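Being a predicted model, the structure only gives us computed values, none of them experimental. Only heavy atoms go into these numbers, but all of them, side chains included; no hydrogens, no water, no symmetry mates. The chains referred to below are lettered A, B, ... by the order of the sequence lines, with proteins before strands, and numbering in each begins at 1.
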Amino acid sequence: HILDPSQEEAVNSPGPVVVVAGPGTGKTRTLAHRAVRLVRDGVPPGRIAAVTFTNKAAGEMRERILGLAGKEAEGLWTGTFHSLCLEILRDRGKDFEVVDDLEATRILEEVMAELGEKGRVQATYESLCRIRARGEKGGKLLDAYRGRLKAYGLWDYEELLWDAVELLEDPEVLGKVRDRFRHILVDEFQDVNLPQYKLVRLLAGDGKGLFVIGDPDQAIYGFRGADYRFFFKLKEDFPQARWVYLRTSYRCPEPILMAARRIISHNPDRFPVKLSAHRKEGPRIRLLRPSSELAEGIAVVREIGRMVGGATMLRAGGETERSFGDFAVLFRTAHQVEVLEECFLKEGLPYRVVGGRGFLEEPSVRGALTFFRFLLDPHDPFRARMVLSEGPFSLPPAEREKASRRITEGDWGRLGRLREVLEEFEGMEDKPAHEAVKKWTEIFGEDGHLLRLMRLAEGRGSLRNFLGMLPLYKDGDYERRGEGARTEAVSLMTLHAAKGLEFPVVFVVGVEEGLLPHAEGDPEEERRLFYVGMTRAREELILSAAKSRILHGRRAELPPSRFLRELPEDLVVRETPGPRRRRTSSQLSLF
DNA sequence: CTTCTCTTCATTTTT
DNA sequence: TGAAGAGAAG
Ligand SMILES: Nc1ncnc2c1ncn2[C@@H]1O[C@H](COP(=O)(O)OP(=O)(O)OP(=O)(O)O)[C@@H](O)[C@H]1O
Ligand SMILES: [Mg+2]
């Protein structure tokens, strides 16, 4: 628990404090120390809020703080911006239900049908979110969509933020909330969007309780409206703020850090903060050039197997023995996980997929859950609408309005089936949840996801009870496992999901032009994404660029990423594929 | 209103 | 390659 002088300064300076620092400089750790310092200085823990963007990060922050302070810090509030907004709004008696983006999309779909708007619902939804995240003016469609949410008593993720901001714009309310949260500490500040920034500014007031920390070079959520330039806005809004720079990276060994710095230096208009590695020694970055994405997966899996040392004699002299938990495999797009999973399964190595869609978001599971929620409260217009939107009773968007109106008049029309099923489930609300799921699968058929739901429901009380606690699982360790009970597993995740994490050995795969940088992305943000990926490594970094991969159903030859050209040659070892193995007949048949 | 065929388009994710 | 949407045909 030793802090370096800059970290000390960040921890001890009176607010407002703004810390700008690169990867692995101990930002999250410093934030935790500051929280603990505040408590030790006599601030009641309940008056402190430590905020980030994901539940996972918030959970880790909490662990770190409690790990440092133990009981002393109990009652300290940690959470995401969204949960902070919920807390504030519910405290003031405003209690809508929060809908996820799939539910929100169904609502938008309906509004679009009513207005005769054509086009992709998903894409339209994303654009409406972006518009709101940037505080831009929306059109008729956005107004209608917002009106509909309000009518149903719902918040989507963006409305939740803006409603909290609106509430805090009332000085009287703001006074009360500021009294509740006298100190606000924000990690990963580079990824705030407009309503989140406004929230911070409002809660901070004169700024005495404000502490923000982040790294503009790690801003990777611009695509959804975040803007790292809010760092500069702080300079205007809190001119009295103390700016602190942390210049030592404790995570990456020097070769990796230098290479990453070289790459990020290709972005223009950066914050000029120097950064040096605490650990001067370390291996060079290795670069693999497998022939395809399958070969890439195989190479990764084989390399991990070798390093873990099933066959110790294969490890080069002096190489550390690793366990599976030491490894992360990072990639640009979520679907890349599929080939990797195949390879891990085939070799029987334990892995876990971090982030991404959980099985609770699978259509079959959603269909069942939507029906169950409707069953609990058939008079809730939103629940009634949802049961007509997804699952076995779904109707085209334009017809849902009419159908639900007719149902209230007792005319079920073609939805007689829904009535029958409702009758069959009568009284199930307060019976064990897994029985309800079982019954559902008997009627509509089962699949692996529903079976998993059944298992989750077992021993979790009544259906009513189970549905009430589901949101807790949601964040839910979506962990697909190669091997049952092993806790030590290789982590597979997108570069986005890896933000803030660290692993002894990191693979970044698919470092190809068009994929990383992604063809459709902002090249500077793509570069930051790669920078984030590289700097997750505590000891070793292995990059891979496949010579070809299947893209949009066609095998495409992708040139190596421009980022590889930006790497200093002397920090990279280019590896040709290992000792050639005999070709199997299946490999031969490819030619 | 359902079912079909044809076209278009593909990132990343928060309670 | 495959999902989602548009439009036509049944
Ligand atoms: N003063 C220090 N002395 C030794 N190790 C430190 C020190 N400060 C931080 N570390 C270590 O450096 C690593 C990175 O710390 P941390 O995750 O807090 O960095 P970060 O700046 O939040 O990184 P990121 O930008 O990736 O979020 C951790 O393993 C942490 O324990
Ligand atoms: Mg951090």
Side-chain angles (χ1 to χ4, degrees), chain A residues 51-58 79-90 95-105 109 112-113 116-126 129-130 132-133 154-161 164 188 191-193 195-196 219-226 330-338 354-358 360-361 363 394-399 402-403 413-415 470-476 478 493-499 510 514-522 525-526 528-530 532-533 549-556:
Chain A
V51 192
T52 46
F53 292 84
T54 67
N55 286 315
K56 195 157 170 249
T80 62
F81 275 100
H82 291 88
S83 55
L84 179 66
C85 290
L86 260 184
E87 178 99 2
I88 290 170
L89 287 159
R90 291 198 167 143
D95 194 6
F96 280 14
E97 189 180 343
V98 179
V99 289
D100 62 31
D101 55 350
L102 287 133
E103 291 167 317
T105 303
E109 175 180 54
M112 285 173 73
E117 296 259 355
K118 311 257 166 222
R120 300 185 164 229
V121 186
Q122 194 69 37
T124 310
Y125 177 69
E126 277 157 24
C129 288
R130 216 163 21 239
R132 288 177 293 165
L154 306 172
W155 284 310
D156 69 6
Y157 296 134
E158 239 53 57
E159 287 313 289
L160 178 57
L161 298 175
E188 308 278 10
D191 284 318
V192 292
N193 65 21
Q196 289 163 338
I220 54 177
Y221 283 100
F223 74 92
R224 65 175 196 206
L330 312 181
F331 37 85
R332 178 62 180 85
T333 64
H335 71 254
Q336 287 174 263
V337 80
E338 286 164 26
V354 178
R357 303 239 107 121
L360 291 172
E361 266 123 301
S394 67
L395 297 172
E399 287 159 42
K402 240 185 300 165
R414 279 171 311 106
L415 288 166
L470 256 192
L472 303 177
Y473 293 97
K474 199 164 162 172
D475 178 42
Y478 167 46
M493 69 188 100
T494 63
L495 289 161
H496 284 90
K499 185 174 80 163
L515 190 59
L516 184 58
H518 198 280
E520 329 242 330
D522 163 15
E525 184 152 306
E526 296 294 311
R528 292 192 291 266
L529 202 45
F530 186 52
V532 167
R549 76 173 58 232
I550 298 212
L551 219 61
H552 310 324
R554 308 176 63 86
R555 182 154 292 283

For [X], report the nucleic acid contact type (base, sugar-phosphate, nothing); a contact means any heavy atom under 4.0 Å.
X        : value
A/Gly79  : nothing
A/Ala334 : sugar-phosphate
A/Phe81  : nothing
A/Glu158 : nothing
A/Glu126 : base
A/Val121 : sugar-phosphate

**Request:** Starting at the 5' end of nucleotides 4-10 of chain B, put B wherever the base has a protein heavy atom under 4.0 Å, S where only the sugar-phosphate does, and a dash everywhere else.
**Result:** ----BSB

Treating [X] as the side-chain partner and [Y] as the backbone partner, does any N or O pair qualify as donor plus acceptor under 3.5 Å?
X        : Y        : value
A/Glu525 : A/Gly521 : no
A/Glu103 : A/Asp100 : yes
A/Arg332 : A/Leu516 : no

Could you state the [atom1]-[atom2] distance from [X] to [N], rounded to the nearest angstrom?
X        : N      : atom1 : atom2 : answer
A/Glu188 : B/dT14 : CD    : C1'   : 14 Å
A/Leu551 : B/dT11 : CG    : C1'   : 12 Å
A/Arg130 : B/dT11 : CZ    : C1'   : 11 Å
A/Leu160 : B/dT15 : CG    : C1'   : 7 Å
A/His335 : B/dT11 : NE2   : C1'   : 9 Å
A/Leu161 : B/dT13 : CG    : C1'   : 13 Å
A/Phe223 : B/dT12 : CZ    : C1'   : 4 Å
A/Arg549 : B/dT11 : CZ    : C1'   : 14 Å

**Message:** Among residues at least two apart in sequence or on other chains, which ones pass ring-ring contact (aromatic ring centres under 6.0 Å, His included) with A/His496?
**Reply:** A/Tyr221, A/Phe223

**Request:** Quick one: list whatever passes ring-ring contact (aromatic ring centres under 6.0 Å, His included) with A/Phe331, sequence neighbours left out.
**Result:** none

**Message:** Under 4.0 Å between a side-chain nitrogen and a carboxylate oxygen: does that hold for A/Lys402 and A/Glu399?
**Reply:**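 Looking at A/Lys402 and A/Glu399, the cut-off is not met.
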
**Message:** Once side chain to side chain contact (heavy atoms under 4.5 Å, CB included) is applied, do any residues pair with A/Pro397, and if so which ones, sequence neighbours excluded?
**Reply:**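 A/Glu109, A/Ala113, A/Arg400.
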
Please determine whether a side-chain nitrogen or oxygen atom of [X] lies at a distance below 4.0 Å from atom OP1 or OP2 of [N].
X       : N      : value
A/Thr54 : B/dT13 : no
A/Thr80 : B/dT15 : yes
A/Asn55 : B/dT14 : no

**Request:** Please report the closest heavy-atom contact between A/Ala556 and A/Leu551, naming both atoms and the distance.
**Result:**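 In this case the closest contact between A/Ala556 and A/Leu551 is CB-CB, 4.3 Å.
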
**Asked** Which heavy-atom pair separates A/Cys85 from A/Leu160 by the least distance, and what is that distance?
**Response** CB-O, 3.8 Å

**Asked** In whole Å, what separates the P atom of B/dT11 from that of C/dA4?
**Response**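 So the two P atoms sit 12 Å from each other.
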
**Residue mapping more 5' on DNA chain B - nearest nucleotide basis, A/Lys402 or A/Asp522** = A/Lys402

**Request:** Let me know, please, whether A/Arg332 or A/Leu395 comes out on the 5' side of the other along DNA chain B by nearest nucleotide.
**Result:**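 Here A/Leu395 is the residue nearer the 5' end.
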
**5' to 3' contact window, DNA chain C with chain A (heavy-atom distance under 4.0 Å)** = C/dT1 to C/dG7

**Asked** Is it true that atom CZ of A/Arg554 has more than 12 heavy atoms of other residues, nucleotides or ligands lying nearer than 6.0 Å?
**Response**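 No, CZ of A/Arg554 has 12 or fewer neighbouring heavy atoms, counting only those of other groups under 6.0 Å.
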
**Item:** A/Tyr157-B/dT15 aromatic stacking (under 5.5 Å, under 30°)
**Value:**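 Not stacked: fails the 5.5 Å / 30° test.
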
**Message:** The criterion is side-chain hydrogen bond (donor to acceptor under 3.5 Å, both in side chains); which residues satisfy it with A/Arg132, sequence neighbours excluded?
**Reply:** A/Asp156, A/Glu159

